Amino acid sequence: MKKRIVTCALVAALAPAGMLLATSGTALAQTLPLSRTVTPAIEGFHVEKVPRLEQGAALHFQVYGTQNATVSVSIDGATRAVQMQETEPGQYSGSYVIGNHDRLQASSPVTAEMRLGSQVATTVLRDGLVRGDTAQGQAQEPVRQLASKDANVASAAPGAAPPPPPRTTERPRVARYCTSCGIVEKVEIVREATGSARPLASDVQAAQRYRVTVRMNTTEATQAVEFDNNPGYRKGDRVRVNDGVLSLDRE
């Protein structure tokens, strides 16, 4: 009888502790956050095409997708990859200036890679690099053939009105966010000081340089690029500045 009383008392004393331990475990499980693995996803990949793949031409790329990722663009035939910068949440921008060692083609494959931790997502650019490339011409060929057939029918009917021009559908253009674009603010001649008090005419001509000052569109800051000869730019020209290389903005 005495052993039963002692056992009941021990159970009654340990019961609150067991309930407290179970309650604490439940509360701890509720407060710990569930770990989630974010998988990178590329939602868009675009390029601003150039008229020709020549030295000094700049290719500007835009990648859209998961935020806070590491994004790069590789071009087949290029000597290096483009490290993209996240200019806005989920929007990455980068440029590539063609050098004399690059061997790019209008149909060169271009691949975007988005890395987030150990997860990697890739996609291939569908468009070419040159405006008016072969793929675009093939896409418009059925429209031209249809227009020629309509013209033959109209010419066969005397007094018929000429057919209307074929309607073409343009893709919606992506809003430009060009960090390298600007406008020529001024073009001036800079004369460097010579060592002699009365320099010769040839020395004066050799010391003469041209300075082109460009005001950037996004920051309103100015950049100055100097040339040994007259570059041909005028005030008001729309240009791009990439790694000290100045080129006309044809977009």
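Computed from a predicted model, the values in this text were never measured in an experiment. Below, each value reflects all heavy atoms present in this structure, side chains not excepted, and no hydrogens, waters or symmetry copies.
- When all heavy atoms of V130 and A106 are compared, the pair lying nearest together is CG2-CB, 3.8 Å.
- Under the 4.5 Å side-chain criterion, counting only non-hydrogen atoms from C-beta, F45 is not in contact with R126.
- Between L116 and A69, the shortest heavy-atom distance links the atoms CD1-CA, 3.9 Å.
- Contact check for V214 versus L246: side-chain heavy atoms found under the 4.5 Å cut-off.
- Scanning both residues, G77 and L104, for their nearest heavy atoms gives C-CD2, 3.5 Å.
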Are D228 and Y210 close enough, and set up right, to give a side chain to side chain contact (heavy atoms under 4.5 Å, CB included), and what steps lead you there?
-> CA-CA 6 Å; D228 293 332; Y210 290 84; over 6 Å; no

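- Between R209 and E188 there is no salt bridge, since no side-chain N of the basic residue sits under 4.0 Å from a carboxylate O of the acidic one.
- In this pair, H46 and Y64 present their aromatic rings perpendicular. The plane angle is above 60°, beyond the 30 to 60° band.
- S93 approaches T87 most closely through the heavy-atom pair OG-OG1, 3.5 Å.
- Side-chain polar atoms of N242 and Y96 form no donor-acceptor pair below 3.5 angstrom.
- Between I42 and A112 the shortest heavy-atom distance is CD1-O, 3.7 Å.
- Between T111 and T123, every side-chain heavy-atom pair lies at or beyond the 4.5 Å cut-off.
- T122 and E113 share no side-chain donor-acceptor pair at under 3.5 Å.
- Residues T213 and V184 form no side-chain contact, since every pair of their non-hydrogen atoms from C-beta on lies 4.5 Å or further apart.
- Surrounding CD of E185 are more than 12 heavy atoms belonging to other residues, nucleotides or ligands, all under 6.0 Å away.
- Shown here is N229, whose CG atom has no more than 12 heavy atoms of other residues, nucleotides or ligands within 6.0 Å.
- Annotation for G90 and Q67: closest pair N-CG, 3.6 Å, computed over non-hydrogen atoms.
- Side-chain atoms of T79 and H101 include no donor-acceptor pair closer than 3.5 Å.
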